[in-house]
Every structure is written in C-alpha cells, then in structure tokens.
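Index from 1, following the sequence. Below, each value reflects all heavy atoms present in this structure, side chains not excepted, and no hydrogens, waters or symmetry copies.
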Amino acid sequence: MASTTALTPVQANARLHELTVVDVRTPGEYASGHLPGAHNVPLDHLDAALPALRAAADRGGLLLVCASGARSAQASRRLAERDIAAATLTGGTTAWTRLGHDTHRPVGARTPWAMDRQVRLAAGSLVLTGLLAGRRRSAARRLSAGVAGGLVLSALTNTCGMAAILAKLPHNQPRATDLEDTLAALTG
C-alpha cells in the first residue's frame with residue numbers, strides 16, 4: 001500500500017512546478033477557481049481515472065485537491081489502497097486562496113455555486129418547507145428534523161450525504177469529452 005502525505009499551501013506552492021495537481025471537486029466547483037494547471041477528476045469518477053492517475057503518479061508527485069481537504073484525503077486513501085502515492089493539500093483551495101495564492105478559472109465560464117453553497121440552499125429550503133408544511137400537517141415537521149439530524153451527523157463525521165446527492169445532479173457532472181481530455185492529459 002502506498003503512503004499518503006499532506007502538503008501545506010506554502011509547501012505545495014513551492015513545488016507546484018513539479019506536481020501533477022488533480023482537483024477532485026465537482027466540475028462546477030472546479031470552474032469557480034482551481035490551482036494553476038489542475039486537472040479535474042471528480043471524486044465520483046476516481047475509479048475510472050485510476051490508470052491515468054497511476055501514469056501521472058509514476059512520472060512524479062501527485063497532489064490531490066478539494067475545497068477543504070476532506071474529499072482529497074478520501075481520494076488519497078483510495079489511491080493508496082491501489083498502490084498509487086498521492087499527497088493532499090491541507091485546507092484545500094480554501095486555505096490556498098486565503099494565503100493569496102493564484103487560482104485559475106476557465107475563460108468565459110459561468111461561475112457555478114460551490115458545493116457548500118448548494119448544500120446550504122438545499123438544506124435551508126427543506127427545513128423551511130418542513131416548517132411551513134408543518135403548520136397544516138404536523139408530520140411534515142419530520143422533514144425539518146431529518147435535515148437537522150443529517151447536518152449534525154455531517155459535522156460529526158466530516159462527511160456530507162447531501163453534497164454526495166447534489167454532486168450527482170447534471171450541472172455538477174463533467175461532460176464526457178472534458179473527462180476524456182483530462183484522462184488523456186494525465187496519461188500522456
């Protein structure tokens with residue numbers, strides 16, 4: 001099993017020229033701003049990208065990135081189980097941008113909402129719906145209670161089921177050609 005390591009934004013910035021950076025966020029999040037030269041392989045497509053990621057890791061250092069570091073750490077563990085060494089960016093793109101490091105955005109791309117903003121909208125809408133519908137049918141308040149319980153569980157486990165569901169929506173999916181081009185760039 002390969003080892004997993006973590007790089008701080010300062011360490012990653014100093015080594016950026018020698019690393020292959022793979023952003024495991026959704027395409028929408030990636031389009032909102034990513035590390036220079038980063039390739040987008042959403043976490044849900046990691047298994048399909050294994051051969052390309054192995055080829056990239058064999059050529060040099062592989063750095064996995066997400067918004068906070070949680071998804072990239074998960075991806076790093078999955079790769080390590082398959083003997084592919086990869087580092088993660090501590091604090092993710094949030095820490096990267098907080099330190100003033102450069103981010104890139106596709107030219108002319110509409111900036112979609114980040115996943116945490118999508119989760120806040122969905123959770124807030126469901127809670128509000130449960131409360132309003134609960135005025136007529138008290139059983140509808142269970143919707144609000146369920147969302148609240150899910151948010152507590154999300155905080156305790158540092159995972160987010162709602163984000164996993166929202167990531168499957170069409171606007172959060174890569175176009176087949178984008179993913180194919182990314183895998184070809186990682187392989188070659």
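Taking Ile, Leu, Val, Met, Phe, Trp and Tyr as members and joining any whose side-chain heavy atoms lie under 4.5 Å apart, directly or through other members, Tyr30 forms no hydrophobic cluster with any other residue.
Annotation: side chain of Leu143 is not in contact with side chain of Leu131 (no heavy-atom distance under 4.5 Å). Contact annotation: the side chain of Asn40 approaches that of Pro42 to within less than 4.5 Å [non-hydrogen atoms, C-beta and beyond]. With a 4.5 Å cut-off on side-chain heavy atoms, Arg71 and Arg25 count as touching. Residues Pro9 and Leu89 have side chains in contact (heavy-atom distance under 4.5 Å, counting atoms from C-beta outward). In this structure, Asp23 and Leu35 have side chains that are not in contact, with every pair of non-hydrogen atoms separated by 4.5 Å or more. Side-chain contact between Leu126 and Ser144 is absent, with no heavy atoms from C-beta onward closer than 4.5 Å. Contact check for Thr88 versus Leu7: no side-chain heavy atoms found under the 4.5 Å cut-off. At least one side-chain heavy atom of Thr20 sits less than 4.5 Å from a side-chain heavy atom of His39.
More than 12 heavy atoms of other residues, nucleotides or ligands shown are found within 6.0 angstrom of CZ on Arg59.
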Inset, instruction - Please test Val65 against Val22 for side chain to side chain contact (heavy atoms under 4.5 Å, CB included), starting from the C-alpha separation and ending with a verdict. - result: CA-CA 6 Å; Val65 180; Val22 176; over 6 Å; no
Inset, instruction - Please lay out, stage by stage, how Arg78 and Ile84 fare under the test side chain to side chain contact (heavy atoms under 4.5 Å, CB included). - result: CA-CA 9 Å; Arg78 285 173 55 188; Ile84 302 172; over 6 Å; no
Legend entry - Stepwise side chain to side chain contact (heavy atoms under 4.5 Å, CB included) check, Thr93 with His34: CA-CA 7 Å; Thr93 55; His34 54 271; 5.7 Å; no
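The two atoms that bring Thr157 and Thr159 nearest to each other are OG1-OG1, 2.7 Å, heavy atoms only. For the pair Leu62 and Ala56, the tightest heavy-atom approach, listed with the atom from each and the gap, is CD1-CB, 4.3 Å. Between Trp96 and Asp102, the shortest heavy-atom contact is NE1-O, 2.7 Å. Taking every heavy atom of both residues into account, Met115 and Ala163 meet most closely at CG-CB, 3.7 Å.
The residues Asp58 and Arg54 are annotated as not salt-bridged, no charged nitrogen and carboxylate oxygen being separated by less than 4.0 angstrom. A salt bridge links Arg15 to Glu18: one of the charged nitrogens lies within less than 4.0 Å of a carboxylate oxygen.
Leu53 pairs with exactly one of Asp47, Leu46, Leu183 by the side-chain contact (heavy atoms from CB on, under 4.5 Å) rule, that one being Leu46.
Looking at Thr26, its side chain does come within 3.5 Å of a backbone N or O of Glu29 through a donor-acceptor pair. With hydrogens and angles disregarded, no donor-acceptor distance shorter than 3.5 Å links the side chain of Ser154 to the backbone of Gly150.
Linking ILVMFWY residues whenever their side-chain heavy atoms come closer than 4.5 Å, directly or via other members, places Met162 and Leu169 in the same cluster.
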